[in-house]
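Here the structure comes first, spelled out in structure tokens, and everything after it is commentary.
Proteins get letters first, then strands, A, B, ... in listed order; numbering begins at 1 in each.
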Protein chains: 2
Amino acid sequence: MDLSNINIEQYLRNNDVKPSYQRLKIFEYLVKHKNHPNVDTIYQELVSAIPTLSKTTVYNTLKLFLEKGIVQPILIEENEIRYDADVTVHGHFKCEICQEVYDIPLDLSDMKTEGLEKFIIKESHIYFKGICKRCNIANAQ
Amino acid sequence: MDLSNINIEQYLRNNDVKPSYQRLKIFEYLVKHKNHPNVDTIYQELVSAIPTLSKTTVYNTLKLFLEKGIVQPILIEENEIRYDADVTVHGHFKCEICQEVYDIPLDLSDMKTEGLEKFIIKESHIYFKGICKRCNIANAQ
DNA sequence: AATAAAATTGTAATCATTACAAAATAGTAT
DNA sequence: ATACTATTTTGTAATGATTACAATTTTATT
């Protein structure tokens, strides 16, 4: 799902979120940057443009976005929660060297999931850890 | 991988972990119960048998086990880290009703992972959220 | 038994997150 | 436009999980 050209204000309204200035800017940051930031990164990146911004607002807003299903949390490392405005099923890859998180297109449809009969799957998450292409090539020099 | 009949002391030694009493008991708990506990659960379950046990020791020990690769962290919810002594690739399913975490056998070998050429994958993690069979059937009554 | 090394423990410090109440903003009715 | 109400934002304090650290205990070695 490509959100880069949506009308963010309308998208928030459609998902039952009143588009306040802070909410618009936080969601816009997620859509524009696709860098899977954590709360602190979002705060640091926006506070210069919104000097009154409070970190509590970032927490509140992300919690709201999660409840409305317009962001998903990315859990890869034990000590950080990152956020992604793309809520379609796709995987993530975190590089242990540069720490970057990449989106990975995934097709889980033909995955064998024996033992899940009668289970209702509402969310699927998959992630990988290792060394990314760029760091791999850089290391090989 | 079934660890239920291994010699835990030998298994720890083989993985470069000196088998102290606390380490034995903590690893034994993980192997015997397979309930994917968090730090606090492990501590609460063992403190009656080891009255001097400190929660710091549980943290230290799990950190050591992680470094040696004999446990893996399970990240499903934002606010809890659970641990699994089965470090082979398999999935997990957390029920949103009973909160239980199930092991799911998985075969990722035929998964399409376009966009990962030249990436070195060292770990693969997959998890699902939803309603488990037991709660699903109970609800349907 | 004496010494050194390693592991455990308890307390204090840290850090991320949440609770909460006051202030600011937006929306509605008069 | 004004008064009133509801919502959102903000800052501070509280919470809770994890880590740092030094003292104690245990284990291993001489």
Evaluate Tyr102(B) against Phe119(A) for ring pair (Phe, Tyr, Trp, His ring centres under 6.0 Å), listing each step before the verdict. CA-CA 11 Å; Tyr102(B) 296 80; Phe119(A) 281 62; 5.2 Å; yes
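- Here the P atom of nucleotide dT27(D) and the CD atom of Glu9(B) are 12 Å apart, to the nearest Å.
- Atom-to-atom, CZ of Phe65(B) to P of dA7(C) comes out at 12 Å; the value is rounded to the nearest Å.
- Regarding Asn79(B), its CG atom lies at a distance of 10 Å from the P atom of dT18(D), rounded to whole Å.
- Thr57(B) comes within contact range of at least one nucleobase, with a heavy-atom separation under 4.0 Å.
- When rounded to the nearest whole Å, the span between CG of Asp16(A) and P of dT7(D) equals 12 Å.
- Looking only at distances, no side-chain donor or acceptor of Gln22(B) sits under 3.5 Å from a matching main-chain atom of Val58(B).
- In this structure, Arg23(A) atom CZ and dT25(C) atom P are separated by 15 Å, rounded to whole Å.
- Nucleic acid contact for Asn60(A): base, since at least one base atom lies under 4.0 Å from a heavy atom of the residue.
- The aromatic rings of Tyr29(A) and His33(A) lie parallel to each other, their planes meeting at an angle below 30°, with 60° marking the opposite boundary.
- Per the geometry, CD belonging to Glu78(A) stands 15 Å off P belonging to dA16(C), to the nearest Å.
- Regarding Leu62(B), its CG atom lies at a distance of 15 Å from the C1' atom of dA7(C), rounded to whole Å.
- When the nucleotides dT9(C), dA16(C), dA7(C) are ranked by their closest atom to the side chain of Tyr59(A), dA16(C) comes out on top.
- Closest contact between the side chain of Ile81(B) and the listed nucleotides dG11(D), dA7(C), dT18(D) involves dT18(D).
- Side chain of Thr56(B), nearest nucleotide from dA7(C), dT19(D), dG11(D): dT19(D).
- A salt bridge is absent between Glu77(B) and Arg82(B); no separation between the charged side-chain nitrogens and carboxylate oxygens falls under 4.0 Å.
- Proximity note for Lys18(A) (side chain, C-beta onward) versus dT10(D), dT8(C), dT7(D): the nearest is dT7(D).
- The side-chain hydrogen bond (donor to acceptor under 3.5 Å, both in side chains) with Lys94(B) is formed by just one residue from the set His36(B), Glu80(B), Glu100(B); it is Glu80(B).
- Between Thr52(B) and dT9(C) there is a side-chain polar atom (N or O) within less than 4.0 angstrom of OP1 or OP2.
- The distance from atom CG of Leu46(A) to atom P of dT9(D) is 13 Å, rounded to the nearest whole Å.
- Remark: Gln22(A) is in phosphate contact with dT10(D), judged by side-chain N or O atoms under 4.0 Å from OP1 or OP2.
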